Structures are given as structure tokens and as C-alpha cells.
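Read through the structure below, which is laid out as C-alpha cells, and then see the notes.
Not measured: the values here are computed from a predicted model.
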Amino acid sequence: MSATAALVFAGLAVVTAAPALAAGSTTAADPDVISSPDAGDVAKFWIGDDSLPHYSVLHDGNVVVEDSLLGFTTTAADFSEGVELLATPTVTTVDRTWVDNLGAQKVVPEKHAQYTASLKTKANDFAFDVVFRVSDEGVAFKYVFPQKSGTSFTISQETTQFNLVNSANAWVHTTSQQTAPKKTAVSAMTSTAATYARPLTVVGTGYAATITEANQLDYTRMFLKPTGTAGTLKAHLDGATGTDSTLTAYRLTPATVDVSASAFSTPWRVVLTGDDEGELVENGHLLKTLSPAPDPAIFPTTSWIQAGTNVRPMQLNTAAAQGVVDTMVARKIDYLAVDAGWYGSEYDYASDPWTPIAGFDPEAIADYAEARGKKVILYINWRALLTQYNNGMLDDLFAMYADEWGIDGLKLGFVPVGSQKTTKMVYDWVRLAAQQQLVINIHDEMLTTGLERTFPNILTMEGIRGDEEAPTPAVDIKSLFTRGVVGTADHTWSDRNITIPVAGLGGHYEEGPNPRSFRFAAPIAFFSALTTLYWYDTPASMKESREQWEDLPTTWDTTVVLESKIESHATVARKSGDEWWVASLTNGARTATIPLSFLSSGVDYRAAIVESDPTNVSAGVVANEAIVDSASVLRPALPAGTGYTVRLTPVKSLAEGITPTQSSTYKTGAASRATDGNPDGVYANGSVSHTNDTAQPWWQVDLGAVTPVTNVEVANRTDGGWGTRLSNYWVFVSDTPFNTAQTPGQQAAAADWSTHQTVAAGSPSSFSLPAGVAGRYVMVRLDGSGILSLAEVSVHGPRAVNLAAGAVASQSTTYNSNAASKAIDGDDNGDWAGGSISHTDPSATTAPWWRADLGAVKPLSSIELFNRTDGGWGSRLSDYYVFVSDTPLDASASAATLQAAADWSTHASKRASSPSTFTLPSGTTGRYVLVRLASPGILSLAEVKIWGAPLSI
């Protein structure tokens with residue numbers, strides 16, 4: 001059936017290619033049932049015995065919203081006699097995707113059934129439509145007013161209800177988005193004096209749901225209020241804009257909506273659904289899908305819009321700001337975000353946003369940043385925005401910032417929110433900024449409703465209880481599953497761990513109480529296209545660089561929530577390119593279970609891990625690493641209130657970046673395309689090699705030296721059926737050059753390893769080589785005539801993992817805070833000032849020792865000891881023993897006793913180097929590694945690396 005073919009389906013006109021509607025008589029006894037494409041979500045609509053419209057929502061058969069009223073209050077409509085259908089309801093279906101380059105999910109599904117019921121009031125024939133969209137992410141509905149040109153009316157309130165299931169629990173933000181979410185039994189939501197900000201998250205049996213709105217542009221914002229009946233909430237239009245007298249013209253009490261357009265619709269009222277809280281986060285893109293695409297007249301191109309990370313300079317002078325830019329280069333941060341005060345007090349109407357304070361030169365700062373590949377954002381308070389807007393000068397101001405000063409974006413501070421008029425005004429400011437190609441960060445109370453799609457220069461909004469308010473881990477995790485569900489959120493993270501009140505900020509804090517490992521993971525768990533990493537930091541206070549925060553993506557290809565419980569914990573995985581970032585947050589102590597099944601099958605990844613330092617949970621973090629694949633499961637033990645961060649990077653092929661050769665080249669299909677690290681199999685995308693049509697064409701890479709090879713992967717073309725060309729082919733590995741004058745069979749006889757494949761290659765086809773195979777040359781060759789095209793050839797060798805990274809360290813005594821764990825923190829800096837050296841107590845009278853427990857008996861290949869390198873103190877690490885054992889060793893025993901009990905040991909009489917490497921015999925295993933001096937003294941270790949037996953990767 002074509003999408004435009006109209007059918008009469010059980011009494012309803014259905015414009016659809018799928019049976020999305022189970023048609024009834026639109027009565028309470030026989031409602032119309034609209035189903036999502038996967039049939040998991042259902043909306044029911046009917047006209048009740050009271051002659052008023054009703055609806056309900058189900059997820060996987062579980063009732064999410066019970067029988068609830070629909071409607072609104074206006075003098076234009078008389079609902080005293082109820083409503084009736086004007087025509088037979090219709091259903092259309094949509095099945096497509098759209099690309100979101102600035103979101104948490106790049107390819108966004110847009111699949112839904114749209115149901116339209118045209119109604120009129122019986123008393124005065126006021127016509128309106130109720131439109132439902134039911135998708136796999138939830139249910140949305142709105143009111144549409146197809147008015148005649150020139151007519152207008154006012155909506156004073158809505159009578160829309162959300163009748164929640166009383167056995168469920170809700171997490172609510174009372175009166176404001178920036179309050180801490182509070183757990184409330186749905187059955188206890190009865191007080192008509194209460195007001196809840198959206199979003200509101202509900203968790204019931206077999207489902208979770210978030211109630212919010214989408215596409216709130218020309219309308220007053222929706223809050224929620226109890227009706228007095230347990231669990232029944234109603235939409236409440238809230239027009240508050242702030243208390244300043246200047247905003248009187250924008251504050252509407254009651255919070256009315258003026259309808260004057262010839263075709264007007266309300267925002268979508270949204271019930272996002274999921275099996276659990278985590279699926280709500282995954283489904284949050286629905287709000288953008290419900291909002292319009294950008295207007296080409298405003299956004300003829302979006303290539304100028306760049307997401308990224310940012311840091312705030314704490315000192316408002318040119319030199320200090322330029323110094324922060326230098327730190328940004330080292331830390332790979334994208335934006336310098338200059339905050340309030342650069343043009344004077346933001347609270348003073350006399351402060352002039354055209355004129356910076358003395359000593360602060362925005363143009364010089366922007367030039368300095370641009371020369372170093374960085375961008376600059378300036379703060380501007382609503383008072384200055386409103387004054388310039390009302391004077392007709394805001395576009396000129398923005399033009400000066402962009403064209404004369406070279407500024408790249410603006411942070412709009414304390415913007416007025418609530419009423420229809422203020423909402424439209426703020427988005428008009430965003431439009432004016434877009435005309436000057438300025439990106440936007442909106443603070444403080446405004447909440448995203450998906451309009452970042454319509455205005456893609458909006459990179460983030462606040463509307464969250466961020467670090468300024470010192471939220472606890474429990475508050476942040478709850479916020480992830482309320483505010484974090486609906487879109488980009490500027491939490492203003494920081495690396496500092498200070499809880500000193502800031503003068504003049506009403507009790508705000510320089511940093512919250514969350515342990516550093518939590519704050520390190522949280523910017524990955526939360527989504528913000530513009531992510532603040534260093535809000536209250538200075539170059540001096542920005543601690544050592546960690547690769548998880550360097551080049552941190554802020555927009556993602558894919559988001560997967562692996563663990564979720566709104567009261568206790570969350571684990572989120574996000575993909576960018578071929579890398580993944582994983583963040584796990586916890587309120588109480590727990591062991592996380594993180595299956596890595598989302599990784600590409602057959603590919604090994606280096607896992608770079610940051611977790612809390614068990615000796616300094618509040619402020620300390622340690623770095624570990626491992627080699628993992630899609631079958632791996634991480635099970636970190638997280639202390640209370642901490643976080644766990646993993647960056648997963650595919651292990652690089654030995655051939656990547658090496659220029660190969662081939663028998664011939666067709667046009668631009670160079671041999672090097674098969675070693676560019678890009679397995680894209682579409683020829684038009686520029687990453688597929690291509691020979692001419694010849695006899696037995698070949699492709700070859702020279703690795704530069706004879707190297708152990710454990711695996712070869714050949715990735716085929718994937719477009720237009722051309723992958724059939726790569727069949728009946730050979731793969732060879734040899735430590736001597738190939739003679740291409742030989743037949744493939746002769747080459748196979750001469751090679752160190754070969755395979756002949758008679759079916760078309762996959763993408764990839766992976767070949768594991770026998771142990772011990774080494775080679776310098778790798779060749780792919782057709783057995784007969786044809787064209788040889790390769791998307792990628794990957795060559796892998798053995799790789800060991802530093803098992804000490806996940807070990808538990810102890811030592812005989814500890815001097816000050818120089819714990820044993822400092823020798824396995826991933827930092828081999830041998831300078832004491834670097835703060836990464838273990839140190840025993842000088843007053844001890846017995847031979848000092850240091851020990852690592854690997855947690856289990858593991859195959860080992862070598863041990864490296866890194867000594868101190870400063871001031872001659874490395875001489876202390878001489879005349880020492882190293883022991884390896886499957887079972888615990890008594891470190892106080894004599895050296896001879898330890899040697900007899902150990903599985904392996906060595907005695908080094910000379911001063912250790914940095915490193916000193918000890919190669920273990922093949923087959924050595926151990927759980928415990930013990931380092932001990934031969935006599936009393938001080939044992940200091942910069943780092944100990946314990947290498948496992950090589951993993952084939």
C-alpha cells in the first residue's frame with residue numbers, strides 16, 4: 001500500500017502503510033488504540049461518558065497513564081456540553097531517520113504512528129484537533145487550532161491530566177528545574193498547593209516514564225500540579241519570569257497564551273517511556289524529533305557550529321585569560337568561557353556590554369585563542385540583553401562581538417523564563433546570534449524542549465542543579481534520570497575539590513562534595529554538547545592530564561545505558577568514531593557489572609581506566625589499563641560516592657599508516673587506502689583501494705621488520721555488490737619479500753603462513769595465525785584475473801597488559817601519605833615533587849617491603865621497576881629482591897625462605913634503573929609480586945609494572 005493510499009479501516013480513514021491503529025468507536029467502552037512501530041507503546045483515545053476527550057498510555061502492556069482528561073480553558077470554547085468528532089479520525093505512519101551531529105545519538109529514528117482526531121464543542125462549534133504521535137520512545141500529543149485568518153483568542157490554562165498509577169514512585173523537581181529531585185510516592189501526590197517542574201520521572205512495575213514537553217517556542221511553559229485526587233496531575237501553565245520590575249511587560253498572570261496565527265498548535269505533551277530509567281536516557285532524542293528542523297533562512301549552513309569542552313578563566317584580565325588558553329592547548333579543551341564581570345557588574349543596568357573593563361581585551365584574547373585553534377565564549381546577562389533588544393541594538397552588539405572582536409559564542413545569563421512572550425524573546429536572541437554565527441549556552445532556569453534541533457547553535461542549557469549548588473552523588477544520579485533525560489545540560493563540572501562558600505553568591509560553593517573520580521566520570525554520563533570541565537579551576541589547580549578528558553567528545557554517535565537505578569547508580573557508554581567512553585557513577589559502595597558486548601566483535605580494545613584511589617577516595621584517582629573485547633566484563637569495586645571511567649580504543653593495526661604497494665592502481669584507488677585505519681567499504685567515501693582488471697592482482701604491505709603476527713583481518717567493499725570481486729583469494733605472511741612472478745601456489749609454499757579463501761570476504765574476514773608465526777611482508781592476492789579492492793587490511797601482533805594497573809598494593813610501613821598505591825598509579829615519574837612515589841617509614845628497623853596482589857593467579861611475562869630519579873635518592877633501591885608467587889608470602893621471612901617458597905625470584909645487588917626489567921621464564925604464573933630490600937632502609941618505588949603473558953590482539 002502506498003503512503004498516500006486512503007483506506008477505511010474499521011470506520012476510520014487510515015493513511016498508512018502499516019496497521020498502526022486498532023479502530024474502535026472512540027468511546028470509553030471501545031477506544032481507538034494507536035500503537036508504536038514495535039507495538040511496545042500504546043495510546044488510547046476516546047470521548048467519555050462526560051462527552052470530553054480522554055486518553056491513556058501503556059508500555060509493554062503496563063499502564064503508565066490511566067484514564068486522563070484532555071482539554072484547555074479559553075473563552076473561545078464552550079465545553080459545557082462536551083465535544084464530538086467532526087470527522088473520522090485518521091492515522092499516518094512515518095519511518096525514516098535524521099542525522100543529529102550535535103546530539104547524543106547521531107542517526108536518530110523517526111518512526112511513529114500519528115493519529116488526528118478533529119473535534120468541536122457541542123455548545124458553540126469551536127473546532128480543534130487532538131494529535132497523538134506514538135513512537136518506540138513514547139507517546140506525545142498536542143492541540144492544534146486550525147483557525148480562520150484574522151481570528152484570535154486566549155488560552156488561560158489547560159485541563160490536560162496525567163493520571164499516574166498510584167503504586168509507582170515519582171522523582172520531582174519542586175517549583176524549579178534546579179532543585180534536587182525528590183522521591184515521592186505517586187499516591188501521596190495530592191496537595192493542590194504543590195507545583196512540580198518538568199521533567200518528572202516515574203518508575204513503576206515494568207516501566208519507567210518521564211513527563212515533559214517538546215517544541216515549547218510560542219507558548220507558556222508547562223509545570224505540573226496535583227488535582228487533589230491521588231496521583232492525578234494536571235498541566236499548569238506557569239508564566240513566572242523573575243522578580244525584576246523591568247520584566248513586568250513580559251510577566252503574565254494568569255499565565256495566558258495568545259493564539260492569533262491562522263494555524264496554531266501547543267507544544268507536545270510528552271510521556272517518554274522505557275523498560276527502566278536507563279532507557280529513558282537513551283530515548284531522550286524524541287524531544288528533538290518532535291521539534292522542527294532548522295529554518296534554512298536562518299541556518300543556510302551549520303558547518304560553523306562546533307561542539308566541545310570549555311574552561312572558565314577565574315581572573316578577568318587579558319594575560320590571565322591568555323594563560324588559560326595555553327593550558328587549553330595542553331589539555332585539548334575547545335572553548336574559553338569568560339563568565340560574568342567582564343563588562344562590569346551583571347546586576348547593574350549601567351554596565352555597558354559594548355565596553356569591557358580595564359585590562360580585559362576580548363579582541364586580543366580571541367586573536368590569541370584563534371591562533372592556537374581555540375574559541376571564545378562571552379557571558380552576557382539578561383539585563384544587558386533586554387536593554388539592547390528593546391533598543392533595537394542587539395543585532396548590532398552581536399555583530400560587533402563576532403566581526404570586530406572575533407568572539408565565537410555567548411552565554412546568556414539568568415534569562416527570563418516561563419511566559420509565552422519571554423520564551424519567544426529568548427529564542428529571538430538565539431536567532432540574532434545565529435545570524436552572526438555565534439553558538440549559545442543558556443542559563444539559568446530555562447529547560448530544553450528539543451529546540452536545539454530548530455536552533456542548532458544552542459549547544460547547551462542549564463536548568464539543572466549543577467556544581468555551584470554542591471549536589472551530592474545521590475542528587476546528581478537522580479538528576480541524570482530526570483533532567484538528564486530531556487537533553488543537553490550544563491552542569492559546570494570542575495576538577496577542584498573545594499567546599500568554600502563564594503562571597504556574593506548566596507552560599508554557592510566553589511566545588512561540590514563529590515569525590516574526584518565521580519566528577520571525572522560524570523561529564524561522560526551526562527550529555528552536553530558544550531561541556532564545562534573546569535568551572536572553578538585555574539591553570540595551577542588543573543591537575544594532571546588524563547586521556548579520558550583530552551579530546552573528550554561532547555557529541556556522540558551512540559549512547560547505551562548499561563546499568564540504571566535512579567536512587568543509587570548509573571553506567572553509561574557513549575561512542576564517538578571508533579572509540580567508546582564508559583562512565584559509572586554510584587551513590588553507595590557497590591561492584592558494577594559492565595559487559596562490553598557493545599564493542600565491535602572480533603576487535604580488541606585498549607581500556608584506559610580512571611578510578612578512585614582507595615587511599616584517598618575524596619581527591620585521588622588512579623589510572624589503570626587492560627586489553628578487552630566484546631566478550632569482556634568489567635567488575636570494578638566502587639567506594640561510596642565515586643565514579644569509574646574507561647576510554648576504549650581499538651588496538652592499532654601494525655600496518656596502519658604504512659604505505660603499501662599494489663600491482664596496479666585504478667584512478668584514485670591507491671594501495672594506501674587499505675591501511676588508513678578506516679574500514680569504510682563504500683568506494684565513493686575514499687577509503688577503498690582498487691587495482692586495474694589484470695591477472696592475479698596483488699596488494700602488499702612491508703611492516704619494516706620481522707614481527708610476530710597473530711592475526712590478519714581483510715575488510716571487503718560493502719557497496720553495490722562489488723564485494724564479490726574479493727573471492728577466491730590468498731593471504732600470505734612472509735619474513736622475506738614475495739616474488740610476484742610466482743603463482744599464488746608457489747608463493748604459499750615459500751611463505752611462513754598462508755590461507756586460500758574461495759568465498760567472498762567479509763568486512764572483515766579475520767584469520768588467526770598459529771603461535772610463533774612472524775613476518776615482515778603481508779600480501780593479499782587474487783587466485784585468478786580480476787579487480788582487487790580492499791577497504792582495510794589490519795595486521796596484529798601479541799600485546800601484554802600491565803596487570804599492576806588493577807592490583808591492590810601494600811607495603812611494610814608508609815611515610816606520610818606516600819602510599820604503596822602510588823607505585824601502581826600509572827605514573828612512572830621518578831621525581832619526588834611529582835607526587836607519585838611510594839615511600840616506607842625511615843624509622844623502621846626491619847627490611848622494608850612492597851607487595852602487589854593481582855587478585856588471581858595470572859600468566860606473567862616480565863616485571864619492570866621504576867626507581868627515583870631525583871637528587872641521588874635512587875641509590876636506596878639497590879641490593880633488593882623481587883619475588884613472584886601463586887600464594888601469599890611472609891614478607892618478614894628470610895630471603896632464603898622466600899626464595900624457596902616463591903615461584904620465581906631474583907636478587908639485584910646494583911642500583912635499579914628506571915626501569916629495571918626482569919624477564920620471567922615462559923609459563924611463569926603468579927598472583928603476588930613482592931619487592932624487598934635485603935636489609936633495613938627506605939624502599940621507594942616510582943612505579944612497578946607487571947606484564948601479563950602476551951595477549952593475541
Side-chain angles (χ1 to χ4, degrees), residues 41 43 55 57 59 64-65 68 70 103-104 112 132-135 137-143 158 160-164 168 170-179 181-182 184 186 189 195-204 207-217 219-225 233-238 265-274 277-291 417-418 423 442 445-454 458 460-465 478-489 526-527 566:
D41 287 287
Y55 80 103
V57 175
H59 176 75
V64 178
V65 179
S68 299
L70 294 166
H112 62 255
F132 280 86
R133 280 191 184 175
V134 184
S135 68
E137 295 83 16
V139 173
F141 58 89
K142 65 179 180 179
Y143 307 108
E158 290 188 19
T160 306
Q161 291 182 351
F162 301 90
N163 183 9
L164 305 178
W171 282 260
V172 301
H173 297 269
T174 55
T175 70
S176 163
Q177 274 87 223
Q178 294 181 279
T179 56
K182 179 182 178 182
T184 305
V186 167
M189 300 168 74
T195 301
Y196 307 132
R198 78 280 196 256
L200 181 151
T201 292
V202 181
V203 178
Y207 71 91
T210 295
I211 299 172
T212 188
E213 63 183 324
N215 191 25
Q216 185 235 334
L217 176 60
Y219 206 80
T220 299
R221 69 177 173 183
M222 178 186 76
F223 274 15
L224 299 164
K225 288 184 73 66
L233 307 178
K234 65 179 179 180
H236 174 73
L237 303 186
D238 182 272
S265 63
T266 70
W268 293 97
R269 279 62 186 98
V270 182
V271 183
L272 272 165
T273 60
E277 304 95 301
E279 198 168 339
L280 297 177
V281 174
E282 295 176 357
N283 290 344
H285 54 75
L286 178 61
L287 273 66
K288 282 189 172 184
T289 301
L290 291 166
S291 298
V417 296
T423 302
I442 299 178
E445 259 298 289
M446 201 161 191
L447 180 75
T448 172
T449 62
L451 285 167
E452 321 90 277
R453 183 188 186 190
T454 309
I458 300 175
T460 194
M461 293 186 180
E462 192 177 16
I464 189 171
R465 193 169 185 83
K478 292 172 188 176
S479 293
L480 176 62
F481 295 116
T482 53
R483 171 62 179 89
V485 170
V486 298
T488 185
F526 284 78
F527 168 71
I566 192 168

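Across every non-hydrogen atom of I566 and E277, the tightest pair is N-OE2, 2.9 Å. Residues A168 and G204 come closest through the heavy atom pair CB-CA, 3.9 Å. Residue P181 comes nearest to H173 through the heavy atom pair CG-CE1, 3.4 Å, listed as atom of the first residue, atom of the second, then distance. Residues V134 and V139 approach most closely at CG1-CG2, 4.1 Å, considering heavy atoms. In plain terms, the two heavy atoms of L280 and T273 that are nearest each other are CD2-C, 3.6 Å. The heavy-atom pair separating F526 from S479 by the smallest distance is CE2-C, 4.1 Å.
Looking at L70 and E158, their side chains never come closer than 4.5 Å, going by heavy atoms from C-beta outward. For the pair I442 and T460, the minimum side-chain heavy-atom distance is 4.5 Å or more. Counting heavy atoms from C-beta outward, L272 and L287 have side chains that approach closer than 4.5 Å. Side chains of R221 and H236 form no contact here, defined as non-hydrogen atoms less than 4.5 Å apart. The shortest distance between side-chain heavy atoms of V271 and V65 falls below 4.5 Å. Taking 4.5 Å as the limit, every side-chain heavy atom of T449 sits out of range of all side-chain heavy atoms of N215. Side-chain atoms of V270 and L290, non-hydrogen and from C-beta on, do get closer than 4.5 Å to each other. Between S68 and T160 there is no side-chain heavy-atom pair separated by less than 4.5 Å.
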- Message: Let's go through E445 and S176 carefully: what are the C-alpha distance in whole Å and the side-chain angles of both, what is the deciding distance for side-chain hydrogen bond (donor to acceptor under 3.5 Å, both in side chains) to 0.1 Å, and is it a yes or a no?
- Response: CA-CA 7 Å; E445 259 298 289; S176 163; 2.7 Å; yes
- Item | Q178 vs L447, side-chain contact (heavy atoms from CB on, under 4.5 Å): CA-CA, chis, key distance, verdict | CA-CA 10 Å; Q178 294 181 279; L447 180 75; over 6 Å; no
- Query: Can you check side-chain contact (heavy atoms from CB on, under 4.5 Å) on Q161 and L233, steps first, answer last?
  - Reply: CA-CA 6 Å; Q161 291 182 351; L233 307 178; over 6 Å; no
- Query: Could you walk me through whether D238 and V417 pass the side-chain contact (heavy atoms from CB on, under 4.5 Å) check?
  - Reply: CA-CA 9 Å; D238 182 272; V417 296; over 6 Å; no
- Query: Are L286 and S135 close enough, and set up right, to give a side-chain contact (heavy atoms from CB on, under 4.5 Å), and what steps lead you there?
  - Reply: CA-CA 9 Å; L286 178 61; S135 68; 3.7 Å; yes
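At distances below 3.5 Å, at least one donor-acceptor pair connects side-chain atoms of E452 with backbone N or O atoms of G450. A distance-only check finds no donor-acceptor pair linking the side chain of Y196 to the backbone of W171 [under 3.5 Å]. The backbone N or O of Q177 sits nowhere less than 3.5 Å from a side-chain atom of R483 that would complete a donor-acceptor pair. A side-chain donor-acceptor contact under 3.5 Å links T266 to the backbone of Y143. Here the side chain of T179 pairs no donor or acceptor atom with the backbone of T175 at under 3.5 angstrom. A donor-acceptor pair is defined here as one N or O able to donate and one able to accept, closer than 3.5 Å; no such pair exists between the side chain of T448 and the backbone of T488.
No more than 12 heavy atoms of other residues, nucleotides or ligands shown are found within 6.0 angstrom of NZ on K234.
Rounding to the nearest 0.5 Å places OG1 of T212 at 6.0 Å from CE of M222. Put simply, CG on L237 and OH on Y219 are 5.0 Å apart, with the number rounded to the nearest 0.5 Å.
Remark: N283 engages no residue in a side-chain hydrogen bond (donor to acceptor under 3.5 Å, both in side chains) (not counting sequence neighbours). Residues that satisfy the salt bridge (charged side-chain N to carboxylate O under 4.0 Å, His left out) test with R198, not counting sequence neighbours, are E213.
No hydrogens or angles considered: a donor-acceptor pair under 3.5 Å links the side chains of T201 and T210.
Between F162 and F141, the two ring planes are tilted [angle within 30° to 60°].
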